[in-house]
Amino acid sequence: MSTPRPFYRPWLALAVLLVTGGLIYLLGPILTPFLAGALLAYIFDPLVDRLEAHGWSRAAGTVAVIVLAGLAVFGLVLIALPLFQGQFAELSQRLPGALDLLQTRFLPWLQQTFGIAIAPNLDALKSWLTEQATENSANWLPSLQTGALAVLGLVVNLLLIPVVMFYLLKDWDVMVARVAALVPRDWTGRVTRVARAMDAVVGEFMRGQLAVMTILGLYHAIALWVLGLDYALPIGILTGLLSFVPFLGIGLGLTLALLVALLQFADWSGVAWVAGIFMVGQLFEGYVITPRIVGERVGLHPVAVIFALAAFGQLFGFVGVLLAVPLAAVLLVALRELRGVYEQSDLYRGGYNAGSSDPASSAMSASLLGQPLLESRIASLSLVHRGKVRDIYAVGDDKLLIVTTDRLSAFDVVMPTPIPGKGEVLTRVSAFWFDKLKSIVPSQALDIAPETVVADNERDQVAGRAIVVKKLKALSVEAIVRGYLVGSGWKEYQASQSVCGIALPAGLKQAERLPQPIFTPSTKAAVGAHDENINFEQMAELIGADLAKQVRDVSLALYKAAAEYALTRGIIIADTKFEFGLDEKGQLVWIDEALTPDSSRFWPADQYQPGSNPSSFDKQFVRDWLEASGWNKQAPGPELPAEIVARTSEKYREAMSRLLG
């Protein structure tokens, strides 16, 4: 029996979209500081990540970034305010002369040219204003109260923005990880790819828009200054800064410049020059700057950008302007995804049949769904290598599909018993670290859903447990970083007071934290063979001194940043292993897996006691059982008891839950 198609999903998505839009519309008046804070947190998150990579705590980095941003804004105000104040003071002094010019020159010219006669009576105007003030004085108090409340609301919103920004920026990575953990397993690849695409579009749009604002501000300020217009600098700055709102910057700047030109110049040529400068600027922005700097970067037509900003601004006010850019990115990426789905559909290819199904494929999918995967069988791709845990397939000439199975390797021997859910945990944890620590070193992961590179009846084997990566040249060494004295390091320390040739202080206890993390490389052994510890000099002989130094420095930076974050999640990373490769330009790239329970030793921080071997979240649980079993640590490995398998699977999932939220 074929499973009915979930027609409810599009309607559910539409209902969620409508409810979300309605809530935004209703909450629009109070959303501005929260959206502004979220937008600023999104913008400054990469900077805080870089500070984390250099040893700063997340909270300290957040405070530093907010303080620096505040000082930058304060500095701009200190520079710009005297300029505006001086020039507006001069404008107020010219106002009587401007009124005189209006009466003696402009009104006579208007009457002579167009036959329009206006005879202003300033005394009558003053009397009328006095009369209106007297009659309507009773209505002033409510107006003043309303105005005072509006000013108070503005001040509260301005003060609330840095507060919201601080808490969101401090917990940004944790919140993103928690949201990612809620994604259904079979959607993980596609959702991750779409989210990264949206992030790239929004980032490119913001960088492009900032460049447009800067260019327009400089152009108008310089052009008006060359013309000799007073107040050229403030008018140019306002025109550039407000250009992110369609027509606001150009409209306000042109209005102010024309008013100043009318007051300053003795003839109409100056006014015409001002109008020409703004006309050229508008053409330059619409046909050159925006299409090349913004449109080409994000793949969005300039008209679509203007429409999105204007439409959301009309619907939701200033909140809509803040939402327009990310929502435009969402729509753009969604349309690209829909186009890809359509082009792969039977309708587009000409073979649509709503009632067709493949019973064999359905049966195979049902048999694989939810079952441990000891070994993948991807017949549509060529098998390149079957490692201790991962099966690697060729995707064309320049990419690989890495399938993380539920196999478990201990003491360099693959156990015959799979650990349910292990492959999924390793894949999701690796993806989290690759993204979080990308400011230190790039990874080989590509934004390609693994389900798209295999046959339909093979998708269950890759869903949630596979990634598509760049094909790179792997280094022949493994980079191990130890932060605590445990395992083989503790045994070596007891014998020589050193670990891998690195001397350590006397009197250290088992599992004690080292004064500084140490780098202890090893050779990369084939399946069934044992890795061999080597010193740094031997590593330099194998891969070269400069590359060895880079691998060491990057490994230590990765470990320090990861260990600090994990500690905030209640996990101690005692030690870990990294693997690297080189791309076509010879640049170092992080490959294989990233700080997973397989490649690392995880301890619960609340149970940590130096002097004893702590319980762990990783496969050390299995290693301890194997040590006690009497196994000789030679292949083949023994079958693991069901209780050990269940508890190990639970430990893997608990580690993921703690790290990702």
Side-chain angles (χ1 to χ4, degrees), residues 177 180-189 191-192 362-378 386-393 401-433 450-451 454 457-467 527 571 592-602 604 615-626 629 631 635-661:
L182 296 176
V183 176
R185 289 181 296 175
D186 55 343
W187 293 6
T188 301
V191 170
T192 300
S362 300
M364 181 176 291
S365 297
S367 65
L368 291 172
L369 188 61
Q371 298 298 318
L373 183 66
L374 186 62
E375 187 175 278
S376 65
R377 298 290 181 182
I378 309 296
R386 202 179 296 280
K388 299 172 184 176
V389 176
R390 290 165 177 81
D391 298 340
I392 303 175
Y393 297 86
L401 173 71
I402 299 180
V403 182
T404 305
T405 69
D406 295 322
R407 297 194 295 267
L408 184 142
S409 169
F411 301 105
D412 295 316
V413 175
V414 177
M415 298 294 110
T417 312
I419 306 297
K422 175 174 174 288
E424 177 194 352
V425 169
L426 300 185
T427 301
R428 295 182 69 173
V429 171
S430 288
F432 169 76
W433 289 118
E451 294 87 349
V454 299
N457 61 354
E458 297 167 339
R459 291 182 176 180
D460 287 336
Q461 297 185 62
V462 300
R465 64 167 70 248
I467 58 172
V527 177
I571 289 180
D592 196 49
E593 60 184 321
L595 294 147
T596 68
D598 262 18
S599 65
S600 311
R601 207 183 308 254
F602 290 168
S615 60
S616 61
F617 289 111
D618 52 35
K619 65 180 180 181
Q620 186 64 33
F621 189 79
V622 174
R623 293 168 64 95
D624 292 343
W625 180 85
L626 291 172
S629 69
W631 175 54
E639 289 282 352
L640 302 177
E643 179 186 1
I644 297 298
V645 170
R647 294 176 66 183
T648 302
S649 177
E650 180 182 349
K651 288 292 184 182
Y652 272 89
R653 292 191 176 278
E654 185 180 354
M656 181 181 71
S657 177
R658 286 206 182 196
L659 285 174
L660 275 61

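Numbers here simply count residues along the sequence, with the first being 1.
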Item checked: Rounded distance (nearest 0.5 Å) linking atom CG of Leu659 with atom CH2 of Trp433 -> 5.5 Å

Notebook entry, point to check: Looking at side-chain heavy atoms only, is the closest gap between Tyr393 and Val454 below 4.5 Å?
Noted result: no

Next item on the list: Would you check if the side chain of Thr596 reaches a backbone N or O of Asp598 as a donor-acceptor pair within less than 3.5 Å?
Entry: yes

Margin query: Counting C-beta onward and ignoring hydrogens, is there a side-chain heavy-atom pair between Met415 and Pro638 closer than 4.5 Å?
Written below: yes

Margin query: Donor-acceptor pair, distance only, cut-off 3.5 Å: does the side chain of Ser649 make one with the backbone of Val645?
Written below: no

Margin query: Quick check: closest heavy atoms across Leu626 and Ala410, and the distance to 0.1 Å?
Written below: CD1-CB, 3.6 Å

Check: Shortest non-hydrogen contact from Ala655 to Phe602?
Finding: CB-CD1, 4.0 Å

Checklist line | Partner residues of Pro641 under the side chain to side chain contact (heavy atoms under 4.5 Å, CB included) criterion, sequence neighbours left out | finding: Trp625, Ile644

Next item on the list: Rounded to the nearest 0.5 Å, what's the gap from CZ on Arg407 to CZ on Arg390? Could you check?
Entry: 10.0 Å

Checklist line | Nearest heavy atoms of Val403 and Ser376, plus distance in Å | finding: CG1-CB, 4.1 Å

Note to self: How long is the straight-line distance from CD1 of Ile392 back to CD1 of Ile378, given to the nearest 0.5 Å?
What the structure shows: 13.0 Å

Note to self: Under a 3.5 Å distance rule, please check whether Thr405 uses its side chain to pair with a backbone N or O of Val389 as donor and acceptor.
What the structure shows: yes

Item checked: Residue pair Ser409 / Lys388: nearest heavy atoms and the distance that separates them -> OG-CD, 3.6 Å

Checklist line | Spatial distance of atom OG1 (Thr404) from atom CG (Leu426) [nearest 0.5 Å] | finding: 6.0 Å

Next item on the list: Could you tell me which residues satisfy salt bridge (charged side-chain N to carboxylate O under 4.0 Å, His left out) with Glu650, sequence neighbours excluded, listed by chain and number?
Entry: none

Notebook entry, point to check: Given Leu373, which of Arg465, Glu424, Lys422 fulfils the side-chain contact (heavy atoms from CB on, under 4.5 Å) condition?
Noted result: Arg465

Check: Is a side-chain donor or acceptor of Ser657 paired with a backbone partner of Glu654 at a separation under 3.5 angstrom?
Finding: no

Next item on the list: To the nearest 0.5 Å, tell me how far Thr427 OG1 sits from Met656 CE.
Entry: 10.5 Å

Next item on the list: Could you go through the side chain to side chain contact (heavy atoms under 4.5 Å, CB included) check for Tyr652 and Leu408 one step at a time?
Entry: CA-CA 12 Å; Tyr652 272 89; Leu408 184 142; 3.9 Å; yes

Next item on the list: Quick one: pull up CD in Glu375 and CZ in Arg386 and give me the separation to the nearest 0.5 Å.
Entry: 3.5 Å

Item checked: Test salt bridge (charged side-chain N to carboxylate O under 4.0 Å, His left out) applied to Asp592 - qualifying residues, sequence neighbours left out -> none

Checklist line | Thr417-Glu639 side chain donor-acceptor pair, cut-off 3.5 Å | finding: yes

Notebook entry, point to check: Between Ala594 and Ser599, what is the shortest heavy-atom contact and its length?
Noted result: C-OG, 4.4 Å

Next item on the list: Mind listing the closest non-hydrogen atom pair of Pro450 and Leu401 along with its distance?
Entry: CB-CD1, 3.7 Å

